[in-house]
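In what follows, chains carry the letters A, B, and so on, assigned in the order in which the sequence lines appear, proteins first and then strands, with residues in each chain numbered from 1.
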Amino acid sequence: MKSVGYTLKGTPISIKVAESAEDLTLFRAFVAENPVLGFDTETTGLDWWDTDFRCRLAQFGNATEAWVLPVELGAEFTQAARWALGQAERLIAHNGTYDMHVSEARIGPTIEDLAPKLLDTKYLAHLVDPRAVKEAGPGLKLEELLKYYVDQQAAEEVKGSMTALAKKYKVKKEEIWPVVELFDTDFLLYAGMDPVWAFRLFHALWPKVPARSRKHGLVSWEHRVGYVTSKMERKGYLLDADYARERSEELLADQRRWEVEAAKYGVENVNSNQQLIDAFSAFGIKLTKKTKKGNLAMDDDVLSSLNHPLADAVVKAKKAGKWRKTWFERALKGQDADGRVHASINSCQARTARMSITGTIPAQTFPAGDGFVRSMFLADEGELSVSIDYGNMELRVMAAASGDPVMLEAFRNGEDLHNLTAIAAFGPMPPGAEKHPMRKAGKGTNFTVCFGGGWKAVSDQWGISPEDAKTAVKAFWGTYTGVKRFSEKLQREARRTGYVYTATGRRLPVDRDRAYAALNYYIQSSARDITARALIELDKAGFTEWMRLPIHDEIVFSFPEDRAEELTFKAARIMEMIFKGLLVPADGEIGGQSWGSVLELENSKH
DNA sequence: TAGAGAGGCACC
DNA sequence: AAACGGTGCCTCTCTA
């Protein structure tokens with residue numbers, strides 16, 4: 001048996017590396033004595049769906065002792081890891097979703113086997129303080145949390161060792177994992193400490209979870225949400241690789257063509273704002289718009305206002321390049337052996353607990369105007385793409401949470417809230433008109449206020465004159481006085497305590513100098529919890545195999561063609577929820593085989 | 001050569 | 001008095 005020692009705050013940590021059958025006997029004794037175990041894996045990469053993907057080490061530990069199993073070396077070690085995962089009553093891991101995928105793909109126990117045992121420090125950390133490091137919070141990554149809650153110096157030392165190892169092996173940091181010697185002492189220390197870290201972090205975080213969150217059962221609830229999204233990740237989305245390749249090639253041709261055009265004006269690199277600024281200056285064009293930091297801006301807004309062939313070429317070249325790389329190339333690179341792609345869904349991510357989707361399918365940012373990008377994702381053979389989304393989700397949450405009578409009445413009567421705001425600001429609808437001529441100002445005001453903005457934001461973002469924007473925002477607060485009172489109440493609470501609590505018992509930190517954001521945090525977080533609740537209920541009702549992606553106020557499905565109508569109806573009824581007395585309705589749209597076809601169909605209707 | 005910051009742009 | 005909230009990804013540029 002190889003062993004590595006480490007001292008954490010004066011306490012010796014013993015890391016044992018199994019090398020033989022005798023070692024595994026000792027390992028089994030350790031597992032038998034520790035029903036609650038920290039768990040982690042070291043792998044060749046992050047793409048657990050890849051055929052070349054391997055699990056190299058599996059680690060188990062408590063506060064002072066860890067065992068490292070070199071599962072890469074043979075079946076006896078994998079078998080021991082499998083046994084330990086079955087034996088343990090609870091498994092503590094940080095971002096355990098990933099390790100569940102690894103286990104299922106390369107060790108044995110499935111997500112269904114492991115999820116009931118999982119205690120994920122990522123959810124605990126989020127409930128304690130969801131703020132990122134750059135928001136002056138603890139962050140959500142393991143290393144960040146260790147620095148904050150466990151031991152700053154030790155965390156830097158151990159976690160920094162992989163950077164040093166990469167240097168030693170003369171590879172980039174992300175390339176170290178498949179090439180590092182399995183028994184490299186630094187690697188074993190890094191790997192062995194991980195379950196110890198997770199174990200200690202769990203015990204540091206547990207007492208800090210707000211009492212109200214615990215009372216509402218949020219800890220197990222978040223685990224349940226993550227369980228559902230991890231099954232969606234596993235299922236993946238069928239990719240139309242031919243479509244993706246064709247679009248990618250077209251975009252590349254497009255990009256090249258416009259780059260050549262830009263080069264005629266002396267711009268070699270369309271992505272270099274400096275080159276563009278120099279070029280336009282040389283043409284005698286005065287640039288005025290500034291960035292946040294006070295530099296000259298060179299965004300789409302500036303470029304399209306210039307009315308210059310160079311600006312036109314730059315916009316087109318940049319766009320083609322970005323779209324090709326971000327959407328199509330990314331998806332093509334992420335295919336598994338069955339032609340499916342797998343999202344990485346962070347079920348509890350933003351400050352408000354909103355989910356985020358990263359990696360192969362950054363679905364939350366897919367262009368929404370048409371099906372150009374979404375068309376590369378296909379429902380399974382014999383199935384249809386279906387999108388079910390909530391109607392006016394955040395505005396309904398705002399109405400219900402605040403109890404504003406005017407807004408509630410409007411929603412209950414099926415009135416158009418954007419029209420209503422326009423009427424309040426600019427007078428009654430002209431006779432015979434279907435829409436108020438100032439409806440856009442009303443809509444912009446409704447959304448912007450929901451986001452915490454004022455007249456300036458309404459004016460800038462919605463192209464409304466400052467005067468009209470001022471009028472509309474003033475009318476908003478004068479009409480929806482319940483929203484005003486609610487916002488003021490949240491702001492008082494935020495200034496006094498630094499937090500607001502949602503109806504689900506979630507504690508949201510609010511920066512005292514940005515207390516106005518409290519309303520938005522409350523709404524955004526409540527809306528997220530409505531979608532999260534739907535995921536759990538859909539899972540319970542047996543819909544998970546058909547679920548593909550959650551996107552804020554929308555869930556995308558692949559339903560068997562002959563049952564699409566029925567299942568869409570049922571799923572929408574499950575998603576719908578009465579939030580504080582107001583229905584948040586859900587409505588489904590059935591498309592063809594591709595996700596994009598849902599949009600095309602919808603667009604053709606209007 | 002990697003990392004970080006900045007700018008920009010895709011979305012809800 | 002007013003206040004635009006939350007994400008992810010790509011590229012360039014500067015720094016260490």
Heavy atoms from C-beta onward define the side chain here; which of [options] lies closest to that of [X]?
X	options	value
A:Asp553	C:dT11, B:dA10, B:dC12	B:dC12
A:Lys325	C:dC12, B:dC11, C:dT11	C:dT11
A:Ser356	C:dT7, B:dG7, C:dC9	C:dT7
A:Asn520	B:dA10, B:dG8, C:dG5	C:dG5
A:Thr291	C:dA2, B:dA10, B:dG7	B:dG7
A:Asn269	B:dG8, C:dC9, C:dC12	C:dC12
A:Ala368	C:dG6, B:dC11, C:dT13	B:dC11
A:Pro362	B:dC12, B:dG3, C:dC9	C:dC9
A:Lys172	B:dC12, B:dG8, B:dA2	B:dA2
A:Gln524	C:dT13, C:dG5, C:dA3	C:dG5

Is the phosphate of [N] approached by [X] (side-chain N or O, under 4.0 Å from OP1 or OP2)?
X	N	answer
A:Trp323	B:dA10	yes
A:Ser272	C:dT13	yes
A:Tyr516	C:dG5	yes
A:Lys322	B:dC9	no
A:Trp455	C:dA3	yes
A:Asn273	B:dA6	no
A:Arg330	C:dC10	yes
A:Arg514	C:dG5	yes

[X] near the nucleic acid: base, sugar-phosphate alone, or nothing, with a heavy-atom cut-off under 4.0 Å?
X	value
A:Thr358	sugar-phosphate
A:Ala297	sugar-phosphate
A:Met393	nothing
A:Phe447	nothing
A:Gly321	nothing
A:Phe366	sugar-phosphate
A:Glu394	nothing
A:Ala457	base
A:Leu519	nothing

Looking only at the side chains, is there a donor atom on one of [X] and [Y] sitting less than 3.5 Å from an acceptor on the other?
X	Y	result
A:Asp186	A:Ser161	no
A:His342	A:Asp336	yes
A:Gln491	A:Arg495	yes

Check: Is A:Asp299 paired with A:Lys289 through a side-chain N to carboxylate O contact shorter than 4.0 Å?
Finding: yes
Item checked: Cationic N near anionic O, under 4.0 Å, A:Glu394 to A:Arg354 -> yes
Item checked: ring-ring contact (aromatic ring centres under 6.0 Å, His included) assessment of A:Tyr522 paired with A:Phe486 -> CA-CA 10 Å; A:Tyr522 186 102; A:Phe486 181 61; 5.1 Å; yes
Roughly, in whole Å, what's the span from [atom1] in [X] to [atom2] in [N]?
X	N	atom1	atom2	result
A:Leu395	B:dC12	CG	P	14 Å
A:Asn295	C:dC12	CG	P	17 Å
A:Arg324	C:dC10	CZ	P	11 Å
A:Lys290	B:dA6	NZ	P	17 Å
A:Phe372	B:dC9	CZ	P	18 Å
A:Ile277	B:dA6	CD1	P	16 Å
A:Asn271	C:dT13	CG	C1'	13 Å
A:Arg528	B:dC12	CZ	C1'	15 Å

Next item on the list: Could you identify which residues of residues 473-498 of chain A place a heavy atom less than 4.0 Å from some atom of DNA chain B, listed by residue number, or say none?
Entry: none
Item checked: NZ or CZ of A:Lys316 within 45° of A:Trp258 ring axis and under 6.0 Å -> yes
Item checked: Geometric cation-pi criterion, A:Arg330 with A:Phe328: 6.0 Å, 45° -> no
Notebook entry, point to check: Can you find a donor-acceptor pair, distance only, under 3.5 Å between A:Arg354 side chain and B:dC12 base?
Noted result: yes
Item checked: Parallel, tilted or perpendicular: ring planes of A:His418 versus A:Phe447, cut at 30 and 60 degrees -> tilted
Notebook entry, point to check: What class does the angle between the rings of A:Tyr237 and A:Trp595 fall in, given that below 30° is parallel, 30 to 60° is tilted and above 60° is perpendicular?
Noted result: parallel
Notebook entry, point to check: Under 4.5 Å between any side-chain heavy atoms of A:Met575 and A:Ile530, yes or no?
Noted result: no
Note to self: Looking at every heavy atom in both A:Ala472 and A:Ala425, which two are closest together, and how far apart are they?
What the structure shows: CA-CB, 3.7 Å
Checklist line | Comparing A:Tyr521 and A:Lys456 on DNA chain C - which has the more 5′ nearest nucleotide | finding: A:Lys456
Next item on the list: Could you check A:Gly453 against A:Met355 and say which one's nearest nucleotide on DNA chain C is further toward the 5' end?
Entry: A:Gly453
Give me the distances for all protein-to-nucleotides 14-16 of chain C N/O pairs that come in under 3.5 Å?
none

Margin query: Can you confirm if the aromatic rings of A:Phe366 and A:Trp327 lie within a centre distance of less than 6.0 Å?
Written below: yes
